Amino acid sequence: MICYPTPAWTLQLSGCALLFIGIYTLVTKENKILFTLFAVDGRDAFLQYLSYALIGVGALVFLVGFCGCCGAMQESKCMLVTYFLFLLIILVAELAVGVMAVLFQDQTLQKFENRMTKTIRDEYGRNEGLTQSVDFAQTKFTCCGVHGPQDYEGSRWRRDDMGRGDNIVKTCCVLSNRNQTDAYLEPKPVDNARCQSNSPSDNREFRHQKVTTTL
């Protein structure tokens with residue numbers, strides 16, 4: 001008996017898709033840079049754990065689909081029962097994850113905002129990996145800080161004058177070389193003087209007005 005397109009067959013395809021997404025997320029250069037922003041105490045970032053989970057779930061879903069396909073081909077009652085049991089487990093798990101995501105979304109975002117703000121104030125300019133990650137995010141998403149330029153006002157970067165007189169980091173500015181792959185490493189503001197100005201009328205068109213929390 002040939003295994004025609006059935007829920008088991010489509011399940012195998014979805015498993016392959018999850019595997020691809022998980023692996024792609026881990027190996028993409030841009031994601032590797034952004035992972036540093038989400039890392040806590042030197043451990044892997046939450047998004048990395050999510051990628052590992054996608055790979056594991058993808059492999060499991062593929063195997064479940066394979067069992068269902070083989071069970072249909074061989075008309076094996078045992079394999080078909082196993083297939084339906086795993087389908088039930090996957091369904092319950094998806095519902096649980098969905099409910100938890102809704103219930104803890106605000107709390108998780110608030111913790112992330114607080115940690116990111118503290119990280120920028122304490123480590124920007126001192127931790128090379130994190131500094132590059134922040135610069136990359138601000139260049140890619142045209143944003144400035146977590147809550148805005150004020151995140152840099154009390155930072156060690158500002159107190160130690162790492163910007164050599166700048167009020168905000170250059171990746172908060174509108175860059176003339178933004179479309180270049182490594183613009184975040186050598187940012188070139190369109191007008192650095194007006195970007196650094198504290199007057200909204202002067203910096204409005206030369207400083208990123210978007211903040212991370214609005215992404």
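In what follows, every heavy atom counts, from backbone to side chain, and hydrogens, waters and symmetry copies are set aside. Every value quoted in this text rests on a predicted model; they were computed, and no experiment measured them. Numbers here are sequence positions counted from 1.
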Undergrad: What heavy-atom pair brings Asn192 and Cys173 nearest, and what distance separates the two atoms?
TA: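 In this case the closest contact between Asn192 and Cys173 is OD1-SG, 4.1 Å.
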Undergrad: For the side chain of Ser155 and the backbone of Tyr152, is there at least one donor-acceptor N/O pair under 3.5 Å apart?
TA: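 Looks like yes, one N/O pair under 3.5 Å.
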Undergrad: Given 3.5 Å as the limit, does a donor-acceptor pair link the side chain of Gln209 with the main chain of Arg207, or not?
TA: yes
Undergrad: Please round to the nearest 0.5 Å and tell me the distance separating atom CE of Met116 and atom OG of Ser133.
TA: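 Answer rounded to 0.5 Å: 8.5 Å.
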Undergrad: So which heavy atom on Trp157 is nearest to which on Asn167, and how close?
TA: CZ3-O, 3.7 Å
Undergrad: Is it true that a side-chain atom of His208 and a backbone atom of Cys144 form a donor plus acceptor pair closer than 3.5 Å?
TA: no
Undergrad: Is Asn127 reaching over with its side chain to a backbone N or O of Leu130, donor-acceptor style, under 3.5 angstrom?
TA: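 Between the backbone of Leu130 and the side chain of Asn127 there is a qualifying donor-acceptor contact (under 3.5 Å).
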Undergrad: With no hydrogens and no angle check, just 3.5 Å: does a side-chain donor-acceptor pair link Ser197 and Ser199?
TA: no
Undergrad: Sub-3.5 Å donor-acceptor pair from the side chain of Asp135 to the main-chain atoms of Thr171, do we have one?
TA: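 The answer is no, because no donor-acceptor pair under 3.5 Å joins these two groups.
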Undergrad: Counting only heavy atoms not in Gln150 (residues, nucleotides, ligands), do more than 12 fall under 6.0 Å from its CD?
TA: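 More than 12 within 6.0 Å, yes.
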Undergrad: If I compare all heavy atoms of Thr25 with all of Ser51, which pair ends up nearest, and what's the gap?
TA: CG2-OG, 3.1 Å
Undergrad: Which heavy atom of Ile55 sits nearest to which heavy atom of Leu19, and what is that distance?
TA: O-CD2, 3.2 Å
Undergrad: Hey, does the side chain of Arg178 reach the backbone of Val174 with a donor-acceptor pair shorter than 3.5 angstrom?
TA: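 No, because the side chain of Arg178 does not come within donor-acceptor range (under 3.5 Å) of the backbone of Val174.
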Undergrad: In this structure, would Leu63 and Val61 fall into the same cluster of hydrophobic residues linked by side-chain contacts under 4.5 Å?
TA: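 Different clusters: Leu63 never reaches Val61 through Ile, Leu, Val, Met, Phe, Trp or Tyr contacts under 4.5 Å.
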Undergrad: Following the transitive rule for hydrophobic clusters with a side-chain heavy-atom cut-off under 4.5 Å over Ile, Leu, Val, Met, Phe, Trp and Tyr, establish whether Phe206 and Leu175 coincide in one cluster.
TA: no
Undergrad: Please give me the minimum heavy-atom distance between Asn203 and Asn198, naming the atom from each residue.
TA: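 Where Asn203 meets Asn198 most closely, the heavy atoms are ND2-C, 4.0 Å.
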Undergrad: Just wondering, do Thr119 and Tyr124 contact through their side chains at under 4.5 Å, heavy atoms?
TA: no
Undergrad: Side-chain heavy atoms under 4.5 angstrom apart, residues restricted to Ile, Leu, Val, Met, Phe, Trp, Tyr: same cluster for Tyr52 and Val27?
TA: yes
Undergrad: Any chain of hydrophobic side-chain contacts (each under 4.5 Å) joining Met162 to Tyr184?
TA: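 They do share one cluster, since a chain of ILVMFWY contacts under 4.5 Å joins Met162 to Tyr184.
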Undergrad: Does Gln196 use its side chain to pair, donor to acceptor, with the backbone of Ile168 at less than 3.5 Å?
TA: yes
Undergrad: Quick one: does Asp191's side chain have a donor or acceptor within less than 3.5 Å of a partner on Arg194's backbone?
TA: yes
Undergrad: For the backbone of Pro189 and the side chain of Ser176, can you confirm whether one donor and one acceptor N or O come within less than 3.5 Å of each other?
TA: no
Undergrad: Going only through I, L, V, M, F, W and Y residues with side-chain contacts under 4.5 Å, is there a path from Ile89 to Phe62?
TA: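 Different clusters: Ile89 never reaches Phe62 through Ile, Leu, Val, Met, Phe, Trp or Tyr contacts under 4.5 Å.
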Undergrad: Find the distance between CG (Leu54) and CZ (Phe20) and round it off to the nearest 0.5 Å.
TA: 12.5 Å
Undergrad: NZ/Lys118 to CG/Asp151 distance, rounded to the nearest 0.5 angstrom?
TA: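 Rounded to the nearest 0.5 Å, the NZ-CG separation comes to 13.5 Å.
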Undergrad: Working note: Cys195 + Cys172, criterion disulfide (SG to SG under 2.5 Å); need CA distance, chi angles, decisive distance, verdict.
TA: CA-CA 8 Å; Cys195 174; Cys172 277; over 6 Å; no
Undergrad: Working to the nearest 0.5 angstrom, can you tell me the gap between Asn177 CG and Thr139 OG1?
TA: 8.0 Å
Undergrad: Would you find a donor on one side and an acceptor on the other, under 3.5 Å apart, between the side chain of Arg121 and the backbone of Arg156?
TA: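 Looks like no, no N/O pair under 3.5 Å.
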Undergrad: Taking all heavy atoms of Arg158 and all of Asp166, pick out the closest pair and write down the distance.
TA: CD-O, 3.9 Å
